[in-house]
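See structure below.
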Amino acid sequence: MFETISRSLRTGVVTTNYPDAPAEVSSHARGKPQIDWANWKDARPAAAICPTGAIELRDESATRTATLDLGKCIFCGLCADVDPAIRMTNQCELAAGSRQSLRQTGQYRLNADGTQQQLLMAPATASAKDESLDAVGRQLHARIQSVLGRSLHIREVDAGSCNGCEVEIHGLNSPVYDIERFGIHFVASPRHADMLLVTGPVTRNMELALRKTYDATPDPRLVVAVGACGCSGGIFGQNYASCGAVDAVIPVDVYIPGCPPNPHALLHGILLAIGRLENGGARRGA
Amino acid sequence: MNLVPGLQAVLDELTHHFGAQIEQVHAPRPNELYLHAKAEVAGALCSTFYKKHHGRLAGVFAEDARAGQKVFFVYYLYALDAMHAFVLVRVPIPADKPELPSLTDAIPAVNWQEREIQDWFGIRLVGHPNPRRCALHDDWPEVYPLRKDFDLRAKLPPFTGERHKFREVEGEGVFQVPVGPVHAGIIEPGHFLFSVAGEPVLYLQLRMFYVHKGTEKLFESLPIPHGVRLAESISGDSSFAHATAFCHAVERAAEVEPPPRARALRTLCLELERLYNHIADIGAICTDVAFVTAHMHAMRFKERILRVNELLTGNRLLRGMACLGGVRFDFNGDQLRALGQLADELEREFGDLVELTRSNSGLRDRLEGTGVLTPKVAGDLGVVGIAGRASGFDHDLRRDFPHDFYDQVQFTVPVFTEGDVQHRFDVRRDEVFQSIAILRQVIGKLPAGPISVPVGEVPPDRVALGYVEGWRGEIFHWIHTAPGNRLSRCKVKDPSLQNWPALSEAILGNIIPDFPVVNKSFNLSYSGTDR
């Protein structure tokens, strides 16, 4: 017993200061792909090599609409290998309140050989009042206190995941990320939960269980879809055994891209969801 | 092709005994033999392998070849561990009379795999002791998803079939306790129905396949290189092991050999995957018997490893690292130093953790004699990997069928015989130290040179077997190539599929409160099982 305690004391504090300090992510990490939209000459190789269809092209007569969907991206970086206009950054905090805000779309005039000539419409840049982490961090304490009595209870639901997301969600309970320092706690039953943290793709065999879990969660409740599969169905998409994205089955408040999202990205998304509760809650009542 | 000596003798004997009923097709490697046999002799062949050659049936799977050859094929993968060889026997099943004589009565280890064939291909099992649905739930319509005339993207109507009927367990004071599919912890979904009298468990019924997502069918629709990414999503905690097994299969079909440095880097990644999972499991076993402090230390080490994974490969779960013909990213001097440092730190700190667990008598009290899987039962069920080695099955593909760089490093395979939670804990503990030693050896003799070779378009109609000893146990990928750099079949076998039924045996007579720790000591993948 003495040795157990003394070992803990010798270890000291290992918890990160995130979100007060930036995410501790290696410069080698593959996060959000950055596209140089103005100088993108030919999106076809990147679209062809993307295993999940996260880079999607629609050609109509002499124009091409190119979309990068972070909700589908598995951050493998294969596109950046074949396309000099794409660079992998290590930015991992990508959660957003709508599927649409995970998509970036540009429009090009095409040359006869299918290469891109001129950028007709650049993707919209994120608005200044975007739900940024700083804002969330500042408001977090007050919101948890006012809305959920200083404590948010999360029920995790694996609705079909490969368990990669679960490996990282476990990390939130580790002393390094220690999600309980925010008053956030994983609970055993949806009846005790304020939030469902759902990984996907939602399989046909889990569809009913997910609906029942959602119904068993008291209002006001939040749903966070985790990972490429939870956001969009990921590499599995929709098939005979998979319904695809979580929002194909239950309404979703926040989407956390990643394959899997790391604990920083998860924390960011969860905090984002709490920030949305007061506004988003109204939608629920309707 | 010259076969390894033992295998040649086996072939001679089979030819002598079965004559024209079997036919040698080819031997792509000295220790891999492909045979075609008549369906009538499948059972006799099986008993020959088991009784005379210490073989075991490592996998049974099917393929729809009705378009070309008017039959289904069923494949039996025998591992002859003592002579380090595989024999793959193919038997035809007529399309107009799709029936398969079941081997489950003799070899309980293939129970679920045979039922999977029945569910997915509509090949009726004859003589199976429990031929109920398994891989498709009872309420599914009559569909056979792995038949070629079934569309992957078919939208099935809402399921209105009958609900699963569990077996009744009756008696005075007997209760049934249903658990799942949504569990209390952060784990994958499955349903457990306990029948208990007081606290002791009389019977445990498992119902899996909640996370079946059409993975094997999906492989058939993807270009082969995309298959690597899908393989990473078969079981997230074994991303690299599955992707590597898939790459092995494709490389063999394409007759491409990855360069030495690629094989060494793969080995480093496989060991890193083993390390973070073993250490996390050791922590989780401790927390399930209320020794939370040990769990916290273990989670700290796991995080440390995941960050090194990210430094080395750009992803914490090693995703994106695997590729056909080698690996995608080389490690530079700084990265290798960081890896060496990790090895030193883990040896010291994990050593301290082991001491903490050793000195805790309460922990030993809860782990020893809990969840016993006897060597006899483990053998009957074909239990592999950690759970197999804790129940006396001295087997590890890294040693017995060396892949990647494992023939260049020295390590021992820990084997225990009690088959209780303590011994599954001990296997992991010893393997952690072995993995650290392997990391150091590989770093020490890391070959120079390229990290991949181009694979190009894989010729059609080739078959190949890929295998890797993942941290949980042996992983097999068997592929059949199709024109246009595609696959007409990809069979995936995760060790979890083999090991799940053992949980029902190990829990008997234990109390429900010990179920979490017994379950965690196996730590099987639901997704790897259900695919």
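All chains are named by letter (A, B, ...) in the order of the sequence lines, taking the proteins before the strands, and each is independently numbered beginning at 1.
Of all non-hydrogen atoms in A/Cys162 and B/Arg319, the two that sit nearest each other are SG-NH2, 3.0 Å. Between B/Tyr210 and A/Thr203 the shortest heavy-atom distance is O-OG1, 2.6 Å. Shortest non-hydrogen contact noted between A/Asn163 and B/Glu188 is ND2-OE2, 3.1 Å. Residue B/Arg307 comes nearest to A/Val176 through the heavy atom pair NH2-CG1, 3.8 Å, listed as atom of the first residue, atom of the second, then distance.
Only the backbone of A/Cys50 comes within contact range of chain B, judged by heavy atoms closer than 4.5 Å. With a threshold of 4.5 angstrom between heavy atoms, A/Ser8 approaches chain B through its backbone and through its side chain. Using a 4.5 Å cut-off between heavy atoms, A/Asn90 makes no contact with chain B at all. For a residue to count as touching a neighbouring chain, one of its non-hydrogen atoms must lie under 4.5 Å from one of that chain's; by this rule A/Glu24 touches chain B with backbone and side chain alike. If you measure heavy-atom distances from A/Phe236 to chain B, the contacts under 4.5 Å come from both the backbone and the side chain. Looking at A/Ala193, there are no atoms closer than 4.5 Å to chain B (heavy atoms on both sides), in backbone or side chain. Using a 4.5 Å cut-off between heavy atoms, A/Val167 touches chain B through backbone and side chain atoms alike. Using a 4.5 Å cut-off between heavy atoms, A/Ile49 touches chain B through its backbone atoms (N, CA, C, O) alone. In this structure, chain B has no heavy atom under 4.5 Å from any part of A/Val202.
One distance of note links OG of B/Ser527 with CG of A/Asp158; it measures 7.5 Å at 0.5 Å rounding. Remark: A/His170 NE2 to B/Met299 CE distance equals 8.0 Å, nearest 0.5 Å. The distance from the CD atom of A/Glu166 to the OH atom of B/Tyr526 is 11.0 Å, given to the nearest 0.5 Å. Atoms OG1 and CD, on A/Thr16 and B/Glu303 in that order, are 9.0 Å from each other to the nearest 0.5 Å. Atom CG of residue B/Leu136 and atom CG of residue A/Asn205 lie 8.0 Å apart, to the nearest 0.5 angstrom.
Judged by distance alone, with hydrogens and angles left aside, the side-chain atoms of B/Arg328 form a donor-acceptor pair with the main-chain N or O of A/Cys76 at under 3.5 Å. Side-chain atoms of B/Glu310 come within 3.5 Å of backbone atoms of A/Ser26 as a donor-acceptor pair (strictly under, hydrogens ignored). Between the side chain of B/Arg153 and the main chain of A/Gln238, a donor-acceptor pair closer than 3.5 Å is present. At distances below 3.5 Å, at least one donor-acceptor pair connects side-chain atoms of A/Arg155 with backbone N or O atoms of B/Ala184. The main-chain N or O of A/Ser161 is found under 3.5 Å from a side-chain atom of B/Lys213 such that the two form a donor-acceptor pair.
A salt bridge does not link B/Glu355 with A/Arg7: none of the charged nitrogens is closer than 4.0 Å to a carboxylate oxygen.
Using the six-membered ring where Trp is involved, B/His212 and A/Tyr240 have ring planes that are tilted, between 30° and 60° apart.
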Using side chain to side chain contact (heavy atoms under 4.5 Å, CB included), reason through A/Ile235 and B/Arg229 one step at a time and then give a plain yes or no.
CA-CA 8 Å; A/Ile235 197 164; B/Arg229 306 280 82 84; 3.9 Å; yes

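The residue among A/Ala159, A/Ala209, A/Pro260, A/Ser189 with the most heavy atom pairs within less than 4.5 Å of chain B is A/Pro260.
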